[in-house]
Asker: 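For reference, the structure I am asking about is given below.
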Amino acid sequence: MCSQFQSETDTEIFAHLIQNALDKATVNSECDFIAVVQEALLPIEGNYALGILNVQYPDQLLFIRQGSPLIIGLGDDACFAASDIPAILSYTRRMLVLEDGDIAQLTRKGVLVYNSNGDEVQRPISTISWDPIRAEKGGYPHFMLKEIHEQPRAISDTLAGRLSSEQGRVYFETAFVPDDIILNIDRVLIIACGTSFHAGLTSCYDYERILGIPTSAEFASEFRYRNPILNDKTLVIAISQSGETADTLAAVDLAKQKGATVLSVCNMIESTIVRASDYVIYTHAGPEISVASTKAFVTQLVSLQLILLYIGKNRGILRKKELQTLTQDLLHLPTVASNLLSSEQQIQHIARRYAYAQNMLYLGRDIHYPLAMEGALKLKEISYIHAEAYPAGEMKHGPIALIDKDVPVFFIIHASSVREKVIANMEEIKARDGKIIALTLPQDEEVKRVADHVIEVPSISPHVDSILLSIPLQLFAYYVAVHRGTDVDQPRNLAKSVTVE
Ligand code: M6R
């Protein structure tokens, strides 16, 4: 007999299904209860992660996952369950990641895990090296500001032990894509969402320019809904801070079905995307709590540079001298990034001035265009100001109609072969009374002449400058949001991990 129930909440369906199954079954033991739960959930399609408590068995909690993340923390005298590591990091660093279909039984005695066949299984226990203090605000008013300031250290951690500047070599602690695949690939395809997509798009410029390999970046949420053409000569790089983004995960699965090799760039150990990929490079950003991604973004850019160097060396594209120079450039980053953070007050001042703008444009050309996209995303997600990014050369094809004295325009005009052309674009804005904030090289008198405000960012080398340029963009968005009084760390309508389509 099929019972009927009414509910306006999809999660309640689980409780009803389990109760129906219990009513019909003979449950004599805890094991029977686990089997009934597994059986009851069989008809469910889609992703879920559940915690289940039954009044008849008050001494145990069951946790089961399918598609959605679920980790179990193992403390000295307590166990924990959460959807991500930072949530329980202050209680324990020993974590166990459940596989799809697993059910974990938490009791006073500890944790037992059963697979979807009901067999008891052992899942590997990882010890997370993150310091729990790093998941707290540490005196900063917001996690976002703390995480912006942590970037020099996050960059150092991502580089640590991976570079030899004398040898011009890159080492990874996890198994990397083998040489026969590296030599065979004829294309790199980067898939990701949001900020991670911007890191991928930024790197495309260097992959094509330095490696000479056709490289493109795609929104994972679009990629999965067309019929992309890839094969065993395609290296797919999937970028994700959380490792749980549903669209990126689905894109990884699709790429693998089509025969591509999938390398993920991820911040979360043993996350679902990592486990679905063939290889992984971890960004060592540490826990990123603020919804707005900052240190994850810069460490993604750093990791993509490391991959570039590795491929460049192993395909024989980069010679030792070039590798040494590129390696040195990366190693300079933490110090220059630290110095850059000292321009915070000036950025705060400019942000206050434009905090009540209704619309803003972010413009750049070449590698600075994806950075403009990232600057606009940061601003809109935390300040709720409508911000759009355009390639500066596209202005005259429509968006220039928007310009007047009330639309501030943020230009990224740094070391690049198209600098002169961007100055011409700035003049076009100026002629229409637009207000200009320019992120530019120190002492660029020409830019200073046209712009209303200038934020100076030194150059190490064009292939690593994007990492530096992102810091003032983050600070600007942060201070605008603070002036507007929004909930900076937890902006409305957004979640840190987007585990649904
Ligand atoms: O965890 P992921 O890197 O896969 O997340 C992708 C996006 O949801 C994420 O980057 C989002 O755009 C950020 N909140 C932006 O700051």
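Numbering of ligands and ligand atoms starts at 1, following listing order. One-based numbering along the sequence shown.
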Asker: Would you say the side-chain atoms of Glu288 and Ser293 include a donor-acceptor pair closer than 3.5 Å?
Answerer: yes
Asker: Name the atoms and distances for all side-chain donor-acceptor pairs under 3.5 Å in residues 349-360, with sequence neighbours left out.
Answerer:
unit_1: Tyr354; atom_1: OH; unit_2: His453; atom_2: NE2; d: 2.8
unit_1: Tyr356; atom_1: OH; unit_2: His483; atom_2: O; d: 2.8
unit_1: Asn359; atom_1: OD1; unit_2: His386; atom_2: ND1; d: 2.9

Asker: Could you list the residues that satisfy side chain to side chain contact (heavy atoms under 4.5 Å, CB included) with Cys193, not counting sequence neighbours?
Answerer: Ala220, Thr245, Asp247, Thr248
Asker: Do side-chain atoms of Thr195 reach the backbone of Phe297 as a donor and acceptor pair under 3.5 angstrom?
Answerer: no
Asker: With ring pair (Phe, Tyr, Trp, His ring centres under 6.0 Å) as the rule and sequence neighbours excluded, what pairs involving residues 214-238 come up?
Answerer: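 Qualifying pairs, neighbours excluded: Phe197-Phe219.
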Asker: Could you pull out every protein residue that has a heavy atom closer than 4.0 Å to ligand 1, ordered by chain and then number?
Answerer: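 Its neighbours under 4.0 Å (heavy atoms only) are Cys193, Gly194, Thr195, Ser196, Ser240, Gln241, Ser242, Thr245, Val291, Ala292, Ser293, Leu377, Lys378, Glu381, Val498, given by chain and number.
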Asker: Check Arg162 with Glu173, please: is the shortest side-chain N to carboxylate O separation under 4.0 Å?
Answerer: yes
